[in-house]
Amino acid sequence: MPIFDFHCKQCKKIVEALVRSTDDVLCSECGCPMEKLVSRPAAPPRSGELIASARTQANREGHFSNYSPSERPRKR
């Protein structure tokens with residue numbers, strides 16, 4: 001199921017909801033039907049940069065969960 005942004009015309013609240021495209025969403029504040037908003041498309045990820053930054057952070061934090069077994073440091 002996709003995540004959609006919804007806007008309440010009555011109380012001006014904006015929320016994200018994980019719903020089917022056919023489901024109606026009611027505002028949690030006032031109970032009015034909410035209007036589905038057009039969302040911006042996500043930019044394509046640059047996986048090489050993401051992997052490098054995740055590995056750098058993991059190394060700083062002392063865990064290697066995002067490394068493959070062959071890339072992990074060997075225990076002595």
Subject >> Heavy atoms of other groups near K9 NZ, more than 12 under 6.0 Å >> reply: no
Original post:
Measuring from F6:CZ to I14:CD1, what's the distance to the nearest 0.5 Å?
Top reply: 12.5 Å
**OP:** Verify side chain to side chain contact (heavy atoms under 4.5 Å, CB included) between V25 and F4, making sure each step is shown before the conclusion.
**Re:** CA-CA 10 Å; V25 176; F4 292 102; over 6 Å; no
**OP:** Could you give me the CA-CA distance, side-chain angles and deciding distance for K12 and H7, then say whether side chain to side chain contact (heavy atoms under 4.5 Å, CB included) is met?
**Re:** CA-CA 6 Å; K12 310 295 185 213; H7 174 256; 4.1 Å; yes
**OP:** Kindly indicate, with the supporting measurements, whether the criterion side chain to side chain contact (heavy atoms under 4.5 Å, CB included) is fulfilled by C30 and K13.
**Re:** CA-CA 10 Å; C30 64; K13 183 176 181 177; over 6 Å; no
**OP:** List the atom of E29, the atom of C11, and the distance in Å for their closest heavy-atom pair.
**Re:** CB-SG, 4.0 Å
